[in-house]
Amino acid sequence: MSQTQADEVMKSRPLYGTLTPKQGSSHFIVADGEGGDAVAALLNAAPDMKPLAHIVYIPGANGTDLTALLEGLGARVFHPAPSYASASQRIRKVLGDAHMGLQLYVAGTEGLIGQVQRDAIAAGLPHDALTTEQRGSKARRVQCVHCKGITENVTLDPFVCSHCGLNLFVRDHYSRRLAAFQGVCIDAEDPGEVPPSEERFK
Amino acid sequence: MSLDDAFKDPFFRDESFFGDFSYKNSPHAVNRFPFPFPEDDYMYSVNMEPHVKGRPGSIFEHYFDVDEHYVSEMRDRARVLEQDPLRCQSLPHMTLAGWDLLELIMEKFAEEYPQWFALTKDSNRWHWINRPLGIDQKFTFLDESTLPMGPFEYITRQAQGDFTLQDQREDNLWIEAGMVTSQADWSLDFDIGMNFHEWHAPVPLAHQMGIFDRALKFLLALQHGAPVRRFNWTMTVDPLLDTSPENYHKWGPTKTTLTPENIGKRQHLRVELQTLIRLPRSNAICFPIRCYLISMDDLVTRPKWARRFHRVIKTVPDELATYKGFIRNKPMILDYLSKFDDGAPTSPGWWPED
Ligand code: HEM
């Protein structure tokens, strides 16, 4: 398997939609980076969601910061967070406490969507209560298959594992449980022969 | 448990699958090797047939084949698990399926190999004896606290081949438990929790050919008591059972050390006999993946196999050779095999002498 890069989208790769208003007793919205624009579009299209909305927003690793825009939307709760790790306890608590009728919306990078999706499944949220939209950076969360460490915001392929230092190429094979793509040593057969990195995931 | 006692039965070879690679097939094992090609070419297909008993002496004689490599393979499994405990995982709701599998293996082993295994039952109080591995265990069926580890890990440490358990729901199969120490380069730790199409995602061509749609449909209707089987194959340098992606950076370099002088001894055909079994209580599907290795030198001792294998490798699409990981050595393999192919026709079927 190690050599393969299928040219079409792999079946393990998730597909995303567009945030659209849904009937619900409360609306939990998580976004990062350019995903903030999708949230603004959602709430502007359905202003009556605002008194029922709880937004968590994380600025993008690429520098995009729409905090001011989202704060001004008038949601019942607005929580800016510096990173997913810092927000994850809150996100899991809200998902764990969710009553029937909670709708979950996630917009932004694939890494963010995957992690919220994973936490929502773990909390037992029904599949159809979740809407996603991919926006902004195509950077990937990648798990090194060798040391199991996850490197966030990978834009280059190949790249150096931030945990064990092996040169990894990024496969399209995706695990929803880990919310991560798989990274495999690129110079295993010919140590040191590493092709130049390209910016594949902008 | 003392594995050393086991080698007192001379049937079981004392050999290694790493380091000095002392693994070898006896002439009997070569003769019964599951050569997986019934024709002179190969392409993916929905190749499934009923798992019924086959010719005496063949690997199909029994429900589970226990062969001369049994004890050494189990020792290799224990070694791999010690190095990387993540090779055996079971999500919490799969425990019942683990008991289903434990029952199946114990019953079949005791029934088909009474010289090595015994199972006695006094309602739920069971007594299991595994002589080759020196195990004598009394326990209560369905009571986890009476075994030294979960039922799935317990029994798959005593049975050759990898095992995965698939839960069935939402018209799909979900891989949610596995004992995976002799895999052809895929990661249980990465794939656990995926559905049928997701874990097969990296396979080239087969999705477009509709193979996985048809195979899944067939499996969803699989009945208890009517298991099926199929073969898969790849190529491995040295008789290394643990060709894991986790350790790929360690074994990958051996592919560059083949030479025309050592290829016959070191290049192995790796055949997986895969069985699909519906389990009775959990309704899960069990997937044993039994690995057989044969060196090119041993393979070419059967003229029909030698001719046919040359033709298969010659015509296999590059996508498959790349996926299976032998594209860089394909020319050298063909050079070696061509000396044994005089162009004579081969008879249909995989048996060596038919
Ligand atoms: C339900 C049990 C099954 C499990 C757990 C399973 C698992 C796997 C895994 C993990 C791979 C390696 C994918 C990778 O590269 O990462 C694979 C490959 C493959 N599987 Fe399955 N599989 C199952 C059943 C089947 C069935 C019924 C078919 C029938 C058509 C099938 C056909 C294939 C093929 C053609 C490949 C590519 C193998 C190669 O070229 O070496 N699988 N399978």
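To find a chain, count down the sequence lines: A is the first, B the second, and so on, and within it residues start at 1. In this text, all values refer to a predicted model and were calculated from it rather than measured experimentally.
Counting non-hydrogen atoms of other residues, nucleotides and ligands closer than 6.0 Å to NZ of A/Lys50 gives a total above 12.
Most heavy-atom pairs under 4.5 Å with chain A: of the set B/Asp189, B/Asn195, B/Asn247, B/Thr254, this distinction falls to B/Asp189.
Proximity to chain A (any heavy atom under 4.5 Å) is restricted, for B/Asp191, to the side chain, taken from C-beta onward. Contact annotation for B/Glu170: only side-chain heavy atoms (C-beta onward) come within less than 4.5 Å of a heavy atom of chain A. Contact annotation for B/Ile192: both backbone and side-chain heavy atoms come within less than 4.5 Å of a heavy atom of chain A.
The main-chain N or O of A/Ala81 is never found under 3.5 Å from a side-chain atom of A/Arg90 such that the two would form a donor-acceptor pair.
The cationic group of A/Arg13 does not satisfy the cation-pi geometry with A/Tyr174, failing either the under 6.0 Å distance to the six-membered ring centre or the 45° limit from the ring axis.
Aromatic rings of B/Phe37 and B/Phe309 (six-membered ring for Trp) have centroids within the 6.0 Å cut-off, being under it.
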